[in-house]
Structures are given as structure tokens and as C-alpha cells.
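Working notes for the structure below.
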Amino acid sequence: MATIHLEELRKVFGVGGTDHVAVDGISLEIPDGSFTTIVGPSGCGKTTTLRMLAGLETPTGGRIRFDDRDVTDLRPQERNVAMVFQSIALYPHMTVRENIGYALKIDGVPKADRDEKIEEAAETLQITDQLEKMPSELSGGQQQRVALGSAFVQDPDALLLDEPMSDLDAKLKAELRVEVQRLHKELDTTVVYVTHDQTEAMTMSDHVVLLNEGRLEQFAPPTELFDRPTSAYAARFIGTPSTNVFEGTVERGDRGPVVAGQGATIRLPTGALADRVGETVSLGVRPQYVTLDGGDHGLDVTVEVVEPLGTESVVHCRTADGTPFDVVTSDLAGVDPGGTVRAGFDTEHVYLFDAGGETVAFGTDLREPEESP
Amino acid sequence: MATSPRGLVAVPQRIQARLTRIGVYVTAVVVAVFVTVPVYLMLTLAFQAPADAFAGGRVNLIPTNPTLRNFRVLFETTATSTYFRNSLVVTASTTLLSTAIAVSAGYGLTRFEFRGKSYAARAILFSYMFSPIVLAIPLYVVFFALGLLNSYFGLTLALTAISTPFTIWLMWQYFQTVPIALEESAWVRGASRWRTLWDVVLPVARPGYVSAAIFAFSVAWNDFTMARVIMSDENLYPITVGASLFLDRPTIGWGETMAVSVLICIPPFLIALFLQQYLLQGFNVGGLE
């Protein structure tokens, strides 16, 4: 168990004479015993960050501490971490039992104690029948369980998982998601989980680290990341379908400032954004908060494609100037590809981003004073 | 018969497949005859007394009276056993040394970045282009200066020099097929680099180094040139050089010469028999899944 501190962590790779900044000054504190997910698109530096935690990459700058212990320059062997690799990386020449017990064997744990721990791990992961088999005889899901089992017996300060489910099918993923969380509870250790799948990040973690091209975009619990994204990037990355973002302008209206865009006019509280009058801003609304009837505001959108998901459907539309705009609805009455619908939403569900993509206001803060109870 | 639009006679696929199969069989039979006939001649002459083999002025191809007489003559009147032992000693040490160098160099080339790596790699391949005789004379001069002529060690070094470029290259290629994640996972679990090499890398790379060892073995066992140049003491001759001397001796006939050939064939035959699965895997790098 350990709190993991990252201070101004940086990693630069020299590729063919040019420097590529993979991780660019990340500072954060991963709480002891938490389940923290590092998420972001490919090439955002999430795996590099994890490999620096494991000691497999040496940081170009900054420090890493486990509690008070500075591990920045320690080799992987000298840190008490366990890691599950994307490629699973089971030793093909060892049985499942030997694979799980390898870390204990290196530590010089006597065989009897080793077997006891291995069997306990195998039972937790339901692979007791597989113990004497070779890894090549196992299915993908079972191999992943063995990899988790190896981490389980190590009793590490931190358990690091590098996209461990990216090669598994959807059903197995769902099964193993539960398995990983159960393991986290039993192990009572700090888990750092890397994924590009925001669903995994949202469903499993206590905290989410969202990276964007090597920089920390937002570090927050999943619900906060969903409800109060600090940037348009965060708003668009988290949640499916992606948040609708369209342009608007801050104007001085008759009764105070307004944001106008795509035919919708949103009144702002008196005094809000006073210094931004005339500026172009972006408005964001999650498709889940858009309704096809009602809402404080609305814009006319043209329906392009309807994707039924079972209980509800995603309606892909475009606004008058061609900006994509998605709506999640369970009522498809009057929705036809090629037709026009009115997409309505309430002020409290709107995010306002400045030209640089930073969030300047959340809808909940924009309700006019007289409207609030 | 059906014709294609261009007027060519179309051969039905079934006939095409049959022709292909016949072609393969014919080729295989021709190759087999060329390989088998000399081996059969060797065996049939080795296990017949000369009087039987050449009775009636013709070579008797079907042994009616098999005997070990030729082998007895060899071991009683010549230094064959010494030659054989010399060959075994030099071959074993060359195989060990060459494989050890290949494993370390191959691992280093695969896993470490260093200045001049690509030049080193090219130099290795380039040095493989030299024929042994080109190396033999300079090596003679070097070994003369170092006092290594007429020693097992000297011949071992020379044969290692011939086989190592290829074995290093082979191991370099093979180690590239071993995923780095296997090693990293061992490091994270606390295994040192050496321990990882021993516990994880070498077992996984076994087909590779077995192939390298087999190659070094065959270079050393079949060597004639280097031994001829470096060894001038008859007691240190390997069996290849020793056997060649028999041709000049009036007391040694075809029967005995074929018998020594049989002896030379035994170790490679045993190796091929027991290790062929590794050999195929090792030389098939890249074809592995």
C-alpha cells in the first residue's frame, strides 16, 4: 500500500534525432489504496507514465515517490510493484503454477508457503483446475486470470495494469472488470490501471487521470469528470456518445449577457462573463441531456443516421452549419433520416468553453437568479 | 477439350494438381537416389571384407557376408581412435564456446543500444563471407606468434572464428522473437537481469541456441582446412585429416576407408536424429507464430 506522488514528471524520447515529448510535466497524487485509471487516446503518454511507475522507463525529469520513498531512480527489481502487461506475458515454458509463483520463487519463499499462496490466488480467480497446465493450453480470459494471479501473490505496494483487456472480447471484458475490482478489494493495494476505453475508466475507478498529449487534462473521480469537465477535451472524451460542442458568441442582450449560437440564445446571470462580450465560445451539451421536445433552448438539426441500442437510440444529426450533433432518446416518433427535428436542452446541462477549450462556466452556475428556487 | 478465350488449352485444375504432385515425387526420387546411392555404397563396402566386396572383379553391392573386419583393422593398425577423440574434444569445445559467444552477443545486439551497433552487425555478416582458407594463413601467423599451434585450444579458437558469425546472427534474429514483455515482467517481479536471462530468456530461446550449437558442431566436426593448417603433430589430427591420410597408405584399402567414413557419419547422424525438431524451429525464425 502506498500513496503515489508524481511531481512534474517528464519523459522525452529521442527518435531519429528529434525529441518526442511523451509525458510533459504531470503532477498528481494517487491516494493510498485507491483504484486510479489513466485514460486517454493512443499516444497520450499513459503507458509511458505507467512504465515509469514500474521503473521500466527512466523519467527525463521530475520525481516519483511511493509514500515518502523516492523511487525515481530505482530499478524495477527494487520497487515493490506488480504489473500486468497488455500482451499478458506469461512464461510459455512454465506451468500456470510456476507462472503465478515465480515472484515468490525469486524472493526465496519455501515451496510449501509458495503453493499455499498460489492455491489461494487460484481459488480467488477460479483457475484451480488450470494450475498444472501450460499457458498455451488456456483461453485468453484464463491467461489473463493467471496474469492477475501472479500479481495477487506478490502483495505489492502498487498493482499496475497496462490495458490488460484490450485483446479480449466484450463479454470477457465485462467479466474480468468485476474480477479486477474484486482483486482490488481483497488486495487492499493501490491500483493504477491504464486504458483507452473510457467506459472501463468510468465504471471501475475511484479516480480518473485524463491525459492529453502528455499533459494532465483532468484528475478527478469519474462522476466529477462526467459532470464537471474542466475542458472541451475532457467533456468530449468521457461519455458515449461524445458531448456535442458547437460555437456561439457572448453578446450583450437587452436584459443582461447572453450566449447565442446555432439559433439558441442562453441568458446568463447578470455580470457573468462580462469581460468576454464579443468573444467566440463553445457550448457543450451531452447527448443524454438533449430531448426532442421541450428544453429551455433548442436548435434545429437534420437527422442523418439512427443507431438503435435497444432501450434507447442514438440519433446522429447535423446543425445548420454542419456541426455534428447527437441525441440519445428512447422516443423515435417523427425521427426520420433526412428530416429535421428540434433538439432541446436546459441551461443547467450546458458547458461553456473558451476559445482555447477551457471550461469557463457550468450550466448549473448559469441559472438566472430569479429562476432558482 | 475446353479452350480459354485466348485459344489456349485450359488444363482442368484436377489434372494440374495431379501433375504438380507427380512433379514433386519425381524430384524427390531423383534427389533421394543421388543422396542414397553413395551412402549405400559406403555402408556396403564398410561392412564387407575386401575379398568379398571385390570378388570376381566386380563390386558386390549386396553384402552376403557382413563383417566388422574393416573396423577391426582400423582400430588395430591405425590411430583412428586418437583421431576420433581429437575430433570429439575440439568439436565439443568449439560448440560450447561458439554457442556461448552467440548467446551473449545475440542478446546484447537485441536488447542494448550502443554506438556503432549497425556497423557491428554488418561486420558480423561480412566476416561470414570469408572462406576458411582465407582466414587460415593469417590465423597461422597469429597462432605461431602466440604459441597456439598444435593445441586443442588453438584449433578451437580457429573453428569458433569460422562458426561464430553465423551463430551470432542466428541468435540475434532469434532473440528478436522473444517478447521484451516477458523479461520486463520478470524484472518487475524482482528477478535480476542475469536471473531473467537464465529463467526466462534462455528456456524460451532454446530452439535458437540448439540450432546455433548444431551449426557450430557441424562446422567443427567437418573441418579439414583449419586442422590441416594448425595441427602438424599427427597425434592431434582430427578424424577428417586422419582419414585423408589413409588414401595414401598401401595397407589401407577401400573397405577401411569406407569404415572410417561410417565412423565420421555417426555423430552428425545422432544429432540430426535427436535434435531435428529444434533445428527446424531455429532456422524457421519469423515463420514462428
Side-chain angles (χ1 to χ4, degrees), chain A residues 13-15 47 50-57 71 74-95 98-109 134-136 146-164 167, chain B residues 99 103 106-108 110-119 121 171 173-213 275 277-278 280-282 284-289:
Chain A
F13 290 108
V15 184
T47 294
L50 193 78
R51 289 173 59 84
M52 285 195 280
L53 290 180
L56 296 170
E57 302 284 352
V71 299
L74 293 186
R75 295 180 300 129
Q77 290 90 342
E78 298 164 321
R79 311 179 182 199
N80 185 23
V81 295
M83 184 158 172
V84 176
F85 290 79
Q86 183 173 7
S87 58
I88 307 181
L90 297 180
Y91 309 124
H93 58 290
M94 295 187 195
T95 62
E98 289 165 332
N99 261 286
I100 296 179
Y102 185 56
L104 301 173
K105 192 173 160 196
I106 291 166
D107 284 349
V109 177
M134 299 308 271
S136 56
V146 175
L148 288 173
S150 323
F152 186 89
V153 297
Q154 247 182 295
D155 193 20
D157 285 342
L159 170 57
L160 312 175
L161 301 113
D162 183 10
E163 308 206 24
D167 296 337
Chain B
T99 310
V103 166
Y107 184 78
T110 310
R111 291 291 185 240
F112 297 104
E113 288 303 322
F114 52 87
R115 199 184 296 259
K117 177 166 154 175
S118 63
Y119 291 109
M171 284 320 292
Q173 297 302 308
Y174 203 87
F175 279 131
Q176 284 174 24
T177 67
V178 179
I180 181 87
L182 288 182
E183 283 174 68
E184 289 177 337
S185 121
W187 300 339
V188 170
R189 294 186 201 186
S192 66
R193 192 137 206 160
W194 279 111
R195 176 104 195 234
T196 304
L197 196 62
W198 193 253
D199 283 357
V200 176
V201 180
L202 284 182
V204 174
R206 186 177 291 138
Y209 70 73
V210 170
S211 305
L275 298 178
Q277 58 174 32
Y278 286 114
L280 289 176
Q281 279 179 48
N284 254 333
V285 174
L288 290 172
E289 50 172 332

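We name chains A, B, ... by the order of the sequence lines, and we start the count at 1 in each one.
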For chain B and chain A, give me every donor-acceptor pair shorter than 3.5 Å, distances to one decimal.
| unit_1 | atom_1 | unit_2 | atom_2 | d |
| --- | --- | --- | --- | --- |
| Glu184(B) | OE1 | Arg51(A) | NH1 | 2.9 |
| Glu184(B) | OE2 | Arg51(A) | NH1 | 3.2 |
| Glu184(B) | OE2 | Arg51(A) | NH2 | 2.6 |
| Ser185(B) | OG | Tyr91(A) | OH | 2.8 |
| Ala186(B) | N | Tyr91(A) | OH | 3.1 |
| Arg189(B) | NH1 | Asn99(A) | O | 2.8 |
| Ala191(B) | O | Gln77(A) | NE2 | 2.8 |
| Asp199(B) | O | His93(A) | NE2 | 2.7 |
| Asp199(B) | OD2 | Tyr102(A) | OH | 2.7 |

Correct closest heavy-atom pair for Ile106(A) and Gly190(B) would be CG2-O, 3.5 Å

Atom of Pro92(A), atom of Leu182(B) and distance for their closest heavy-atom approach | CD-CD1, 4.1 Å

What part of Leu90(A) lies closer than 4.5 angstrom to a heavy atom of chain B: side chain, backbone, both or neither?
-> backbone

Taking all non-hydrogen atoms of both residues into account, name the closest pair between Ala54(A) and Val188(B) and its distance.
-> CB-CG2, 4.4 Å

Other residues, nucleotides, ligands: >12 heavy atoms within 6.0 Å of Tyr119(B) OH | no

